[in-house]
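Structure, as structure tokens:
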Amino acid sequence: MAGEPVNVNEFQELARKVLPKMYYDFFAGGAEDEYTLKENIEAFHRITIQPRILVDVSRIDMSTFILGHKTSAPIIVAPSAAHQLAHPEGEVATARGAAACNVIMGLSFTSTCTVEEVASSCNAVRFFQIYVYKRRDVTEFMVRRAESNGFRAIILTADTPRLGRREADIKNKMISFRLRNFEGLISSDVVSDKGSNLAAYAEETLDPSLCWKDIAWLKSITKLPILIKGVLNGEDAMKAIEAGVVGIIVSNHGARQLDYSPATISVLEEVVQAVQGKAPVLLDGGIRRGTDIFKALALGAKAVMIGRPVIYGLAAKGESGVKQVIEMLKNELELTMALAGCCSVDDITRSHVKTEKERFLCKM
């Protein structure tokens, strides 16, 4: 690839060139056959945009409010592990890039920079993602630590009672990376002769007994609003609302958990209809273009979460790469809105898109 990247997909090739194979595969790979990994992206391709013409689009406003926080665009940096495997400055560089673009950042429970380092790195709105460990005291300590360091919400990842089978990590004998947040609390030095040390660490730590009643426990240890990540159907969405969460994240964990689970965009509308406006619904997975963001908003998402593209930008160019990726998506969304006849994100409606099923029915 010659010259500067012109879209976020080209950052993936840059990342492939600079990262050790073990680390690139860790970030890029999915579970088992990687069917869902491909579908997360392909499902967007089967949705078309229905533009409106002769609309005054001389001024486009992409800003929105997410849990009361104003952001320049309906984009959140998704929480993802181990950014220092992509770049020495890790999550600190990611946070600064997000702050420069005025979008919210999600910090992973398994970040390689500490909560304090990220909190002091810039003035930005940050959410903290958690796993629930068998040792609940570790999770509780981290939640309280995030709250005391100015994080604005907790994201509970609920689709990981065990780690999905990530075969690239098994083949590469993926090492368990240093988790400095847990120093003095729990060791990440797990050795396994069965392949991925990361999988062995997850087996030791993740609590497979986590269930709906534990939302009450989580609410009891923090004053922060709680979002739940990993919802893929209307039934679970309704249970989440009943449990008292304030936000729903439609996610299949970047296709890294259960292969052949549905592409997130394909179930978004079901979840939105089940929630009935009682909480914002966010979409995670497969976003690679501004048109993808537009489609998600049209199907009812309040915002989207961007994972791998941010990592690829970080690997290629550090903080500036993170900013480039986010700004590319913002610019593409702005152009899409203009060409579709939408001056604000509130103007984007269900009538602006057609699914594959709807196009098929129109032909009958």
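Count residues from 1 along the sequence. Heavy atoms only: backbone and side chains are in, while hydrogens, waters and symmetry mates are out.
Although no hydrogens or angles enter the test, the distance criterion places a donor-acceptor pair under 3.5 Å between the side chain of Thr139 and the main chain of Tyr133. Within the 3.5 Å criterion, the main-chain N or O of Glu89 finds a donor-acceptor partner in the side chain of His87. Remark: side-chain polar atoms of Gln129 are not paired, donor with acceptor, to backbone N or O of Ile155 under 3.5 angstrom. No donor-acceptor distance shorter than 3.5 angstrom exists from the side chain of Asn172 to the backbone of Met174, with no hydrogens or angles considered. Between the Thr264 side chain and the Asp284 main chain, a donor and an acceptor come within less than 3.5 Å of each other. Not one N or O on the side chain of Arg152 forms a donor-acceptor pair closer than 3.5 Å with the backbone of Glu147. Formation of a donor-acceptor pair under 3.5 Å by the Glu10 side chain with backbone atoms of Val6 is found in this model. With hydrogens and angles ignored, the 3.5 Å screen pairs a side-chain donor or acceptor of Glu117 with a backbone N or O of Thr114. Under the 3.5 Å distance criterion, the side-chain polar atoms of Arg46 are left unmatched by any main-chain donor or acceptor of Thr355. A donor-acceptor pair under 3.5 Å links the side-chain atoms of Lys295 to the main chain of Phe44, judged by distance alone.
The cationic group of Arg135 does not satisfy the cation-pi geometry with Phe141, failing either the under 6.0 Å distance to the six-membered ring centre or the 45° limit from the ring axis.
For the residue pair Gln257/Arg166, the side-chain donor-acceptor check at 3.5 Å is satisfied. Side-chain atoms of Lys134 and Thr205 include no donor-acceptor pair closer than 3.5 Å. Glu91 and Thr112 share a donor-acceptor pair across their side chains, judged by distance under 3.5 Å alone. Judged purely by distance below 3.5 Å, without hydrogens or angles, the side chains of Glu34 and Thr36 never pair a donor atom with an acceptor atom. No side-chain donor from either of Asp159 and Asn252 sits under 3.5 Å from a side-chain acceptor of the other.
Annotation: salt bridge (charged side-chain N to carboxylate O under 4.0 Å, His left out) contacts of Lys278 (sequence neighbours excluded): none. Every residue two or more places apart in sequence or in another chain was checked for a side-chain hydrogen bond (donor to acceptor under 3.5 Å, both in side chains) with Gln84, and none qualifies. Applying the side-chain hydrogen bond (donor to acceptor under 3.5 Å, both in side chains) rule to Arg16 yields the partners Glu13, Tyr24; only residues at least two apart in sequence or on another chain are considered. Not counting sequence neighbours, the partners of Thr64 by the side chain to side chain contact (heavy atoms under 4.5 Å, CB included) test are Ile66, Thr71, Pro74, Lys302, Val345. A search for side chain to side chain contact (heavy atoms under 4.5 Å, CB included) contacts involving Tyr35 returns Glu39, Asp259, Tyr260, not counting sequence neighbours. The side chain to side chain contact (heavy atoms under 4.5 Å, CB included) search around Ser58 returns Asp56, not counting sequence neighbours.
The environment of CG in Asn123 is sparse: at most 12 heavy-atom neighbours from other residues, nucleotides or ligands sit within 6.0 Å.
Under the 4.0 Å criterion applied to side-chain N and carboxylate O atoms, Arg144 and Glu140 are assigned as salt-bridge partners. Under 4.0 Å is where a charged nitrogen must lie from a carboxylate oxygen, and between Lys21 and Asp25 at least one such pair does. By the 4.0 Å N-to-carboxylate-O rule, Lys330 lies too far from Glu332 to be salt-bridged with it.
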Apply side-chain hydrogen bond (donor to acceptor under 3.5 Å, both in side chains) to residues Arg52 and Ser351 and explain how you reach the verdict. CA-CA 10 Å; Arg52 305 293 187 270; Ser351 67; 2.8 Å; yes
Kindly determine whether Ser344 and Asp346 satisfy side-chain hydrogen bond (donor to acceptor under 3.5 Å, both in side chains), including the steps that lead there. CA-CA 5 Å; Ser344 73; Asp346 289 337; 4.9 Å; no
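A distance of 6.0 Å or more separates the ring centres of Phe11 and Tyr312.
Screening Arg145, Arg126, Arg180 for a salt bridge (charged side-chain N to carboxylate O under 4.0 Å, His left out) involving Glu116 leaves a single residue, Arg145.
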